[in-house]
K.L.:
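Could you have a look at this structure, given as structure tokens, before my questions?
Chain letters run A, B, ... following the sequence lines, proteins first and then strands; every chain starts at 1. Values reported hereafter were calculated over all heavy atoms of this structure, with side chains retained and with hydrogens, waters and symmetry mates removed. Just so you know, these numbers come straight off a predicted model, no measurement behind them.
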There are 2 protein chains.
Amino acid sequence: MNKRPLTMTDFANLLRDKGVNSTLQRVEIAQVILSKPQHLSAEQVLEKVNKGRNIVSKATVYNTLRLFAQKGLIKEIIADPAKVFYEPMTTDHHHFYNVDTGELVDIDPGQIKIDGVPEPPDGSTPIGVDVVIRIRDGNIPKNSAPSA
Amino acid sequence: MNKRPLTMTDFANLLRDKGVNSTLQRVEIAQVILSKPQHLSAEQVLEKVNKGRNIVSKATVYNTLRLFAQKGLIKEIIADPAKVFYEPMTTDHHHFYNVDTGELVDIDPGQIKIDGVPEPPDGSTPIGVDVVIRIRDGNIPKNSAPSA
DNA sequence: ATTCGTGCAAACCCTTTGCAAAGAG
DNA sequence: CTCTTTGCAAAGGGTTTGCACGAAT
């Protein structure tokens, strides 16, 4: 089984397969976001792409992530009111969202079962079901009684 | 059964019950957002509160909605990357989100069943499960074959 | 007098856009 | 040469903040 890390050329082919012209910047961004399961904001992708050096501009990161999402290479996660997260396209799964830390955590796929998904309103087509379980730091359920 | 519309005094009491000091502006905002099931952005609340006249400032609307949400009077819905929606606290239910129109539609409560909700990561407490079914205008499923 | 709420405008953050220059075929 | 992509900076839209004024206790 070829578990070797993907080369730049592999990524370039990945892009072309999805109808995205391959360029240096796009391959760099693809390497960052597609290399492993993770959730990154555009800002984080920007940092990771330009560690030290200066390869890709902010606008290009935003535009490229949007393009990748359109082309089905990555998925947008809307969980934080302040920013969008991106993750590689993988099998359907959902997320915990820690409102204290702004951190996103995968929920084991297949663990959640959703039944009775209703028909969408007339004249519309479903494109996806997103489940976000909001969590908060601390083990104490909502209203803890003060210890005195 | 007293289905009479709530008076300003009723709203004032509602606020106090939740630990929110009652003021003219807050009661006006409560009337707008709490009077019926609906999904309004802060912008929309601002418009509705100030129909014609000029009663509440933008900052106060934003701050007050945030306060209401904290105090459990209303619920934030994170579905649109661009803005937060607010709805009155009602029985648990979920939403369709039309990505073309930016419109939010209730899903009949009880229609969706979610099984296997996992334990949150150690050291965290669940505060809510949000399900958003993204939909798109048009009946044609994703890849329609051109008719020739 | 002290506390709390409001209004206004400016600040902020994330994201998108306009346009000229660079690159690919 | 023509089409696409990039970069930069500026604009944009939603939201928050700082501070002085006003209301309530």
K.L.:
Hey, can you pull the residues of residues 57-75 of chain A with a non-hydrogen atom under 4.0 angstrom from DNA chain D?
P.N.:
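Output list: A:S57, A:A59, A:T60.
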
K.L.:
Report yes or no: does B:R134 contribute a side-chain atom to a donor-acceptor pair with the main-chain N or O of A:P126 at less than 3.5 Å?
P.N.:
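No; zero donor-acceptor contacts below 3.5 Å.
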
K.L.:
Under the side chain to side chain contact (heavy atoms under 4.5 Å, CB included) test against A:I133, which residue among B:V131, B:V117, B:D130 passes?
P.N.:
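Only match with A:I133 under side chain to side chain contact (heavy atoms under 4.5 Å, CB included): B:V117.
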
K.L.:
Let me know the distance between CZ of A:R26 and P of C:dG23, rounded to the nearest Å.
P.N.:
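Nearest whole value for this atom pair: 15 Å.
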
K.L.:
Within the structure provided, determine whether B:H93 and B:E87 are in side-chain contact (heavy-atom separation under 4.5 Å).
P.N.:
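Contact flag for B:H93/B:E87 side chains = yes.
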
K.L.:
Are any of the side-chain heavy atoms of B:R66 and B:Y62 separated by less than 4.5 Å?
P.N.:
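No, too far: nothing below the 4.5 Å cut-off.
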
K.L.:
Can you measure B:Q25 atom CD to C:dT6 atom P for me and round it to whole angstrom units?
P.N.:
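Whole-Å distance recorded here is 5 Å.
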
K.L.:
Please tell me whether B:T60 and B:N63 have a donor and an acceptor in their side chains that are separated by less than 3.5 angstrom.
P.N.:
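Distance-only check fails for B:T60 and B:N63.
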
K.L.:
Could you tell me from which nucleotide to which nucleotide of DNA chain D, 5' to 3', there is an atom under 4.0 Å from chain B heavy atoms?
P.N.:
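Result: D:dG14 to D:dT17.
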
K.L.:
Rounded to the nearest Å, what distance is computed from the CG atom of residue B:L46 to the C1' atom of nucleotide C:dC8?
P.N.:
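Answer to the nearest Å: 13 Å.
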
K.L.:
Is there side-chain contact between B:E43 and B:L46, with heavy atoms separated by less than 4.5 Å?
P.N.:
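A side-chain contact under 4.5 Å exists here.
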
K.L.:
Give the ring-plane orientation class for B:H95 versus B:H39, where under 30° counts as parallel, over 60° as perpendicular and anything between as tilted.
P.N.:
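Plane angle over 60°, so perpendicular.
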
K.L.:
If I take atom CG in residue A:L24 and atom C1' in nucleotide C:dA22, what distance separates them, rounded to the nearest angstrom?
P.N.:
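Nearest whole value for this atom pair: 13 Å.
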
K.L.:
Report yes if some heavy atom in the side chain of A:F85 is under 4.5 Å from a heavy atom in the side chain of A:L40; otherwise report no.
P.N.:
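No, too far: nothing below the 4.5 Å cut-off.
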
